[in-house]
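These notes concern the structure reproduced below.
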Amino acid sequence: MSQFNLLGSRRFAPFFWTQALGAFNDNAFRNAMVMLVAFQMGLDDHTVSLYTNLAPALFILPYFLFSATAGQLAEKYEKSRIIRYVKLFEIAAMVIAAIGFYTHHTTLLLVVLFLMGLHSTTFGPIKYAILPQALKPEELVGGNGLVEMGTQLAMLIGMIAGNSLMLIAGYGPVAASSATILIAVLGYLASRRIPPAPATAPDLVFNWNPITETVRVLGITREDRRVFNAVLGISWFWFFGTVLVAQLPNYTRMNLGGDGSVNTLVLTLFSLGTGIGALLCERMSGRRVEVGLVPLGAFGLTAFGVDLYFAHPHLAAVHGLDWHGFLRSAGSWRVVMDLTLIGVFSGFYVVPLFAYVQARTPRERLSRVIAGNNILNALLICMASGFGLALGALGLTAVQIFLAAAVLNVVVAVYIFTIVPEFLMRFITWVLVNTLYRVRMDGLEQIPEEGPALLVCNHVSFMDPLVLMANLRRPARFVMYYKIFNIPVLNFVFHTAKAIPIAGQKEDPAVLQRAYDDVDAALADGELVCIFPEGGLTRDGDIAPFRPGVARILDRRPVPVVPLALRGLWGSVWSRRDSMLHRSRLPRRFRARVELVAGAPIAPTDARMATLEARVRELRGDFA
């Protein structure tokens with residue numbers, strides 16, 4: 001099923017439109033206010049600068065003050081009800097904004113800006129915590145991609161609408177006020193269609209002290225090191241994006257020689273690129289939470305950020321170009337490509353990280369973890385503003401600041417992938433499997449989403465663990481022959497994935513016993529464990545008799561057993577074939593069509609060797 005089908009589902013569509021309309025109003029109001037203050041009130045440059053610099057601070061301040069409180073609200077109470085209250089609050093804020101627009105009351109408009117920041121702060125933890133409740137696990141990446149796409153486009157359209165409406169001669173304030181109130185009302189009506197999302201921690205004791213609760217929320221966010229580093233990755237994305245977007249007006253004017261229409265064009269390219277990248281994540285990840293896309297995204301941000309510097313490093317010789325004139329100028333399409341692809345790789349970077357946080361965080365604390373994420377995001381956004389101002393004060397141009405951010409991204413990426421090697425491991429696995437094979441999956445929903453289970457699979461090639469690793473939705477611990485475990489490069493992948501090396505009784509009884517102990521400990525912790533019961537790679541493409549290791553595991557820890565079968569790997573790259581018997585079939589198949597099939601779980605009391613072997617043979621069918 002395509003992720004776009006979610007837009008026709010009540011589980012998702014009302015929430016999608018509610019959040020998109022809210023993002024539109026945030027940006028429409030802010031840009032309308034800037035246009036009014038900067039161009040229509042006759043204020044001096046100093047006063048305009050004061051207001052335009054104060055505005056972002058007022059909008060971001062509620063994230064520091066109230067994110068922790070918002071996280072508690074989202075955990076303790078039913079979410080769709082809170083959303084409706086938030087949208088009513090937005091309507092009230094837009095009515096106050098209308099008064100400010102009409103009377104040119106700047107202080108009142110700044111108060112509304114703070115209120116809209118509070119609106120976004122309260123909605124933020126609900127926005128991402130409600131998705132795992134509304135969507136199936138295989139829909140999570142697609143749903144996040146749609147939300148990211150919708151948010152980017154709504155922000156872009158809101159910015160353009162806010163500017164354009166306020167510029168209508170004689171009617172700008174009325175037009176901007178009417179539009180934002182209408183959008184707020186439509187958002188409320190959409191929110192009334194959102195299905196109930198029950199409280200995940202109804203017994204939570206509410207802490208009204210924002211300072212102590214912020215400290216506690218940040219502590220909760222740090223408890224799972226993998227999740228916390230994903231949060232840091234998301235916050236870095238906001239740092240990078242803030243630096244980029246903040247420099248675009250100067251870059252447009254000074255380097256590209258463009259007017260306001262060119263600035264709108266470059267913002268559009270970045271936003272559309274991010275939306276496209278977000279939507280592509282589902283297809284590229286196979287509808288799984290695939291953090292292997294994060295290193296790819298980080299690479300693209302740096303590569304095209306650096307190229308953006310070299311595309312137009314000098315000041316423009318001609319100024320005042322409109323967007324038509326810019327596109328006809330020399331080198332413009334390279335700039336268009338760089339900005340669009342920075343957006344695309346931003347989508348590859350941030351969507352899997354959000355899905356990872358949602359998938360790895362217990363439901364009863366997800367809203368508070370998202371709140372902690374929002375606090376850190378706000379901090380990094382403020383640091384990004386300081387970073388840009390400091391480099392500007394040192395005399396760096398906008399395009400040089402782009403280059404500095406792109407180079408700094410390398411340092412941050414190396415740090416993140418060093419402390420969370422799972423991201424790099426998943427990237428290597430994703431590249432290898434998608435380069436060598438074309439994999440079709442069937443029945444993987446049979447694998448339990450929670451709790452321990454033992455997966456048993458036929459063993460056809462040295463790549464079997466990687467094929468499984470790249471396509472299972474849940475992480476699994478693989479039991480593999482220790483000599484395969486020690487293959488250079490792949491050893492990093494297997495070690496990071498916490499694979500369990502095993503040896504024969506005659507080869508190394510200590511390794512064998514340690515393997516059984518590790519398997520039992522993993523199952524006791526509620527993990528998936530995958531074993532290849534044949535005890536080695538097939539030599540003729542057929543399934544060899546299953547060895548009794550599975551029985552020994554189940555005797556110690558009775559858990560459900562899920563049979564798996566790999567089809568189409570025999571004769572492909574890295575499969576073993578008798579050189580005399582199969583000479584005529586060389587060269588081995590590259591980009592082989594492979595199928596991974598799962599059967600229904602078998603109770604441990606029924607999981608005899610003969611039964612499991614017969615079931616795997618049945619799933620494999622006539623394929624080798």
Side-chain angles (χ1 to χ4, degrees), residues 141 144 221-241 243-244 274 277-278 280-281 284-286 288-307 341-342 344-361 369 372-373 376-377 379-380 383-384 387 403-435 465-466 469-470 472 474-478 485 487-499:
V141 173
N144 275 281
T221 306
R222 293 187 61 183
E223 283 182 5
D224 187 322
R225 187 66 180 173
R226 298 169 302 177
V227 169
F228 180 64
N229 284 301
V231 167
L232 291 180
I234 294 168
S235 297
W236 169 252
F237 167 77
W238 282 104
F239 180 100
F240 186 92
V243 170
L244 179 72
T274 304
L280 286 175
C281 281
M284 295 181 69
S285 65
R288 296 177 310 280
V289 177
E290 182 51 85
V291 293
L293 293 178
V294 176
L296 178 64
F299 169 79
L301 290 178
T302 289
F304 293 103
V306 170
D307 194 67
L341 289 177
I342 287 173
V344 169
F345 283 93
S346 294
F348 293 164
Y349 184 88
V350 75
V351 169
L353 287 175
F354 269 121
Y356 182 87
V357 171
Q358 291 164 338
R360 293 293 181 91
T361 306
V369 169
N373 168 77
L376 292 174
N377 289 352
L379 176 62
L380 266 290
M383 291 175 63
F387 177 81
L403 180 63
V407 172
L408 186 58
N409 184 61
V410 176
V411 178
V412 173
V414 169
Y415 171 73
I416 291 176
F417 303 146
T418 299
I419 60 176
V420 192
E422 180 184 358
F423 291 175
L424 188 57
M425 177 271 291
R426 295 291 305 187
F427 175 66
I428 294 172
T429 303
W430 182 80
V431 169
L432 282 174
V433 171
N434 285 280
T435 300
L466 294 186
M469 196 183 301
L472 296 177
R474 282 183 63 188
R477 303 280 299 276
F478 290 87
F485 182 91
I487 293 175
V489 179
L490 293 184
N491 172 261
F492 165 76
V493 174
F494 298 144
H495 185 270
T496 304
K498 298 182 180 179

So the salt bridge (Lys or Arg N to Asp or Glu O under 4.0 Å) pairs with at least one residue in residues 403-417 (sequence neighbours excluded) are none
**Prompt:** Is there a donor-acceptor pair under 3.5 Å between the side chain of Asn144 and the backbone N or O of Pro352?
**Reply:** no
CD1 of Ile416 to CG of Leu353, rounded to nearest 0.5 Å, is 7.5 Å
Rounding to 0.5 Å, atoms CG (Leu408) and CZ (Phe239) come to a distance of 6.0 Å
The side-chain contact (heavy atoms from CB on, under 4.5 Å) partners of Ile428 (sequence neighbours excluded) come to Leu424, Leu432, Phe492, Val493
Output for pair (Thr361 OG1, Glu223 CD), nearest 0.5 Å, gives 10.5 Å
Closest non-hydrogen atoms of Val243 and Ala405, given as atom of the first, atom of the second and distance, are CG1-CB, 4.0 Å
Quick note, salt bridge (Lys or Arg N to Asp or Glu O under 4.0 Å) partners involving residues 297-307, not counting sequence neighbours, are Asp307-Arg334
The reported gap from OG1 in Thr418 to CZ in Phe423 (rounded to nearest 0.5 angstrom) is 12.0 Å
Residues at least two apart in sequence or cross-chain that pass side chain to side chain donor-acceptor pair (under 3.5 Å) with Trp430, listed by chain then number, are none
Residues passing the side chain to side chain donor-acceptor pair (under 3.5 Å) test with Arg477, sequence neighbours excluded, are Glu527
For Thr221 and Phe228, the nearest pair of non-hydrogen atoms, with its separation, is O-CB, 3.4 Å
On a heavy-atom basis, the closest approach of Leu472 and Ala476 is CD1-CB, 4.0 Å
Contacts of Phe240 meeting ring-ring contact (aromatic ring centres under 6.0 Å, His included) (sequence neighbours excluded), chain-then-number -> none
Of all heavy-atom pairs linking Tyr349 and Ala298, the shortest is CD1-N, 3.7 Å
side-chain contact (heavy atoms from CB on, under 4.5 Å) assessment of Trp236 paired with Asn409: CA-CA 8 Å; Trp236 169 252; Asn409 184 61; 2.6 Å; yes
Contacts of Arg360 meeting salt bridge (charged side-chain N to carboxylate O under 4.0 Å, His left out) (sequence neighbours excluded), chain-then-number -> Glu422
With sequence neighbours left out, the residues meeting side chain to side chain donor-acceptor pair (under 3.5 Å) with Thr496 are none
Verify side-chain contact (heavy atoms from CB on, under 4.5 Å) between Val357 and Val231, making sure each step is shown before the conclusion. CA-CA 7 Å; Val357 171; Val231 167; 4.2 Å; yes
Sorted by chain and residue number, the side chain to side chain donor-acceptor pair (under 3.5 Å) partners of Asn229 (sequence neighbours excluded) come out as none
Donor-acceptor under 3.5 Å (Thr274 side chain, Val344 main chain)
no
Closest non-hydrogen atoms of Leu280 and Phe348, given as atom of the first, atom of the second and distance, are CB-CE2, 3.8 Å
Residue set satisfying side-chain contact (heavy atoms from CB on, under 4.5 Å) with Val407, at least two apart, ordered chain then number -> Leu403
Residues Ala355 and Val141: closest non-hydrogen pair is CB-CG2, 4.1 Å
One should read off an interatomic distance between Met383 CE and Leu376 CG, to the nearest 0.5 angstrom, of 10.5 Å
Those residues at least two apart in sequence (or on a different chain) that pass side-chain contact (heavy atoms from CB on, under 4.5 Å) with Asn377 are Ile234, Ser235, Trp238, Asn373, Asn374
Sorted by chain and number, sequence neighbours left out, side-chain contact (heavy atoms from CB on, under 4.5 Å) with Ala404 holds for Phe387, Leu391
**side-chain contact (heavy atoms from CB on, under 4.5 Å) between Tyr356 and Val294, worked out** = CA-CA 11 Å; Tyr356 182 87; Val294 176; over 6 Å; no
* Asked: So Phe417 and Phe427, ring pair (Phe, Tyr, Trp, His ring centres under 6.0 Å) or not? Walk me through it.
  -> CA-CA 10 Å; Phe417 303 146; Phe427 175 66; 8.4 Å; no
